[in-house]
2 protein chains.
Amino acid sequence: MLTISQLASYAGVTVRAVRHYHAKGLLPEPERDHSGYRRYDASAVVALIRIRTLADAGVPLSRVRELLAADADEFAGAVEDIDRQLRVEIRERQRHRERISQLAAGDSLALPPEAVAYLSRMRELGFRQQVIDIERDSWIMIAAQMPGEAAALMAIKHAQIENETLRKLYLDFGDLVDCLPDDPRLPSLSDRVATFIEAEAVAAAGVEQEQPISDDLVALLDAAFIESFPCAPRLLELLQERGWTGWTNIRRIAQ
Amino acid sequence: MLTISQLASYAGVTVRAVRHYHAKGLLPEPERDHSGYRRYDASAVVALIRIRTLADAGVPLSRVRELLAADADEFAGAVEDIDRQLRVEIRERQRHRERISQLAAGDSLALPPEAVAYLSRMRELGFRQQVIDIERDSWIMIAAQMPGEAAALMAIKHAQIENETLRKLYLDFGDLVDCLPDDPRLPSLSDRVATFIEAEAVAAAGVEQEQPISDDLVALLDAAFIESFPCAPRLLELLQERGWTGWTNIRRIAQ
DNA sequence: TCAAGGCCTGACCCTGCGTCAAGGTCAAGT
DNA sequence: ACTTGACCTTGACGCAGGGTCAGGCCTTGA
């Protein structure tokens with residue numbers, strides 16, 4: 001008669017695994033000797049080897065009993081099942097490998113490459129770090145919500161920043177990132193924003209926005225904007241006085 | 001301010017996952033409102049998206065914090081680590097696929113193909129099912145303990161069974177599988193076994209066994225033999241009277 | 001006779017959450 | 001004012017396949 005450790009070593013498994021298989025009902029509990037020790041016979045070795053053979057081939061323990069009792073057809077069906085599952089797990093990991101190889105450290109994390117380029121262009125053009133930071137966060141949120149369309153939106157932004165008037169406006173706006181709500185530059189900035197948007201609106205009259213951003217996302221982006229700029233509420237207020245509401249998706253106030 | 005479910009849906013995760021990340025310390029716990037609800041700001045959305053970006057690329061949660069804070073070098077090192085781990089897991093599953101495709105249902109499970117052929121030859125030659133069963137179990141144990149050498153041993157066995165004298169002896173032995181210890185055929189069988197072994201021993205004098213089976217395995221196989229044949233103890237006794245001890249590795253008793 | 005080592009059960013640990021349970025909160029409709 | 005249903009809270013168990021103690025009994029060899 002064999003002790004549990006002898007049994008385990010004959011089958012090449014740990015004692016803990018044997019007890020685990022008992023608990024799972026895969027291997028029947030043997031007789032105990034007078035002191036309560038499990039005592040196994042040679043047939044238990046064979047049973048244990050069969051379990052390990054299946055487990056070593058990737059059969060989940062929950063299916064081992066089924067396969068031990070299966071006829072050729074059932075066995076083939078179950079094997080196909082398990083193989084399919086293994087392929088799924090392999091593909092998952094292959095996708096993980098692809099994605100992880102594309103990841104970049106730090107700021108660029110979770111940003112599409114176009115956005116990274118855009119942000120570095122902003123840096124070149126002399127934008128303040130805080131402005132770049134909120135652009136980055138906005139693009140992270142946009143890319144997460146609209147992975148397909150982010151690149152197209154990005155292209156629009158990229159073009160906008162090369163527009164002299166808008167860039168100057170945005171740069172000047174950046175100088176106000178940590179101003180107080182009563183900063184005297186705010187009203188004039190609001191005027192410039194309103195004027196610019198007005199011109200844009202005329203130019204784009206009748207043209208529907210091709211990349212509509214969902215209202216939820218707009219609200220989120222506006223919230224992020226407000227959180228990052230202490231004087232954002234005041235700016236929005238001034239814009240409202242000039243007939244405009246919102247920021248990310250700035251619109252004329254309906255009369 | 002966002003509720004937990006709004007936060008979760010912006011980042012495309014479940015509420016449960018968000019709480020899990022809090023518990024793991026990946027996402028800081030936000031302020032609570034007057035009724036104890038968590039209230040998030042937009043920056044939490046960005047933080048959560050970063051976490052998911054890493055997790056979706058196969059980064060274990062236990063390493064997410066580290067990667068969020070890593071500089072480019074540390075990040076690259078960690079990515080390499082994780083990629084290595086992913087490759088290991090893919091290779092594991094590929095091996096599983098190979099092994100599972102080789103597996104056969106029922107009796108043949110855990111047996112090398114040579115053994116399956118040997119057993120089916122035994123069936124052809126008219127051996128009793130019980131004899132085949134113990135052969136099968138023996139080969140399962142041998143293949144598990146000596147995976148490399150099992151095929152060579154198998155070849156020897158395969159040749160032996162084609163030997164007229166030995167086959168007859170083994171077939172007659174098979175007729176005694178469920179006999180009683182006092183069966184009158186046992187002594188004559190023992191004589192035949194002794195005679196055969198004697199001749200073998202003379203023929204093989206000086207030739208060392210090329211495939212030595214470990215003493216442990218011999219003991220195990222003998223135990224399996226004894227368990228399966230009620231009159232095995234009597235047979236071994238009779239063989240001892242004739243100067244032989246053991247079964248799997250039968251040897252002349254040292255004087 | 002004593003120490004080492006084997007055996008027993010029970011319990012917690014890992015991953016990444018899913019899924020109750022049992023209750024408090026909120027907004028809307030009646 | 002009351003109800004309903006959706007949402008929030010903490011706590012706990014469950015999954016796979018065991019690893020790793022802890023505390024205590026048993027056996028075996030010196």
Side-chain angles (χ1 to χ4, degrees), chain A residues 1-27 29-40 44 48 51-67 81-82 85-86 88-89 92-93 95-96 216, chain B residues 1-27 29-40 44 48 50-67 81-82 85-86 88-89 92-93 95-96 100 216:
Chain A
M1 297 300 264
L2 308 171
T3 67
I4 195 168
S5 63
Q6 288 171 325
L7 169 71
S9 88
Y10 278 133
V13 305
T14 64
V15 169
R16 181 65 178 88
V18 174
R19 290 203 265 249
H20 189 61
Y21 301 153
H22 286 319
K24 292 275 163 186
L26 301 181
L27 190 65
E29 282 276 1
E31 306 280 293
R32 307 296 184 110
D33 69 14
H34 67 98
S35 58
Y37 289 15
R38 293 178 180 84
R39 289 296 175 172
Y40 299 89
L48 183 51
I51 293 169
R52 275 318 303 176
T53 302
L54 290 170
D56 287 342
V59 175
L61 293 191
S62 55
R63 304 201 63 173
V64 163
R65 211 165 359 168
E66 168 196 345
L67 266 85
D81 253 24
I82 294 162
Q85 185 57 37
L86 288 171
V88 166
E89 292 175 16
E92 263 177 27
R93 274 139 182 102
R95 288 210 196 92
H96 283 164
D216 279 355
Chain B
M1 298 299 263
L2 308 172
T3 66
I4 195 169
S5 64
Q6 289 172 322
L7 170 71
S9 88
Y10 278 133
V13 307
T14 65
V15 169
R16 182 63 181 91
V18 175
R19 289 204 264 250
H20 189 62
Y21 302 151
H22 285 320
K24 291 277 163 183
L26 301 182
L27 190 65
E29 282 276 3
E31 306 280 293
R32 306 298 184 110
D33 69 11
H34 68 97
S35 58
Y37 290 13
R38 293 177 178 86
R39 290 297 176 171
Y40 299 89
L48 183 51
R50 288 168 169 275
I51 292 169
R52 275 317 304 174
T53 301
L54 290 171
D56 286 342
V59 175
L61 294 191
S62 56
R63 304 201 63 174
V64 163
R65 213 168 354 171
E66 169 196 343
L67 266 85
D81 252 26
I82 294 162
Q85 184 57 37
L86 288 170
V88 166
E89 291 174 17
E92 264 177 26
R93 275 141 182 100
R95 289 211 194 91
H96 283 164
I100 204 175
D216 280 354

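FYI, side chains are in, hydrogens and waters are out, and symmetry mates aren't considered; it's all heavy atoms of this structure. Residue numbers begin at 1 in each chain, while the letters A, B, ... track the order of the sequences.
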Please report the distance, rounded to the nearest Å, between [atom1] in [X] and [atom2] in [N].
X	N	atom1	atom2	result
B:Ile4	C:dC26	CD1	P	16 Å
A:Leu2	C:dC7	CG	P	11 Å
B:Ile51	C:dT15	CD1	C1'	16 Å
B:Arg39	C:dT25	CZ	P	14 Å
A:His22	C:dG10	NE2	P	14 Å
A:Glu92	C:dG16	CD	P	12 Å
B:Leu27	C:dC17	CG	P	13 Å
A:Gln85	D:dC15	CD	P	17 Å

Hey, does [Y] have a side-chain heavy atom less than 4.5 Å from the side chain of [X]?
X	Y	answer
B:Leu48	B:Tyr21	yes
B:Glu89	A:Glu89	no
A:Glu92	A:Val88	yes
B:His20	B:Leu61	yes
B:Arg39	B:Arg32	no
A:Val13	A:Ile51	no
B:Ser62	B:Lys24	no

Which residue pairs pass the salt bridge (Lys or Arg N to Asp or Glu O under 4.0 Å) test when at least one of the two sits in residues 54-63 of chain A, sequence neighbours left out? A:Arg52-A:Asp56, A:Arg63-A:Glu66, A:Arg63-A:Asp81
With heavy atoms under 4.0 Å as the rule, sort B:Arg19 into base, sugar-phosphate or nothing. base
Contacts to DNA chain C from residues 29-37 of chain A, heavy-atom cutoff under 4.0 Å, which residues? A:Arg32, A:Gly36, A:Tyr37
Nucleotides 16-21 of chain D: protein proximity per nucleotide (B base, S sugar-phosphate only, - neither; heavy atom, under 4.0 Å): -BBBB-
Quick check on B:Glu31: does its CD atom have over 12 non-hydrogen neighbours (other residues, nucleotides or ligands) under 6.0 Å away? no
With a 4.0 Å limit, can you tell me whether A:Thr3 has a side-chain N or O closer than that to the phosphate oxygens OP1/OP2 of C:dG6? no
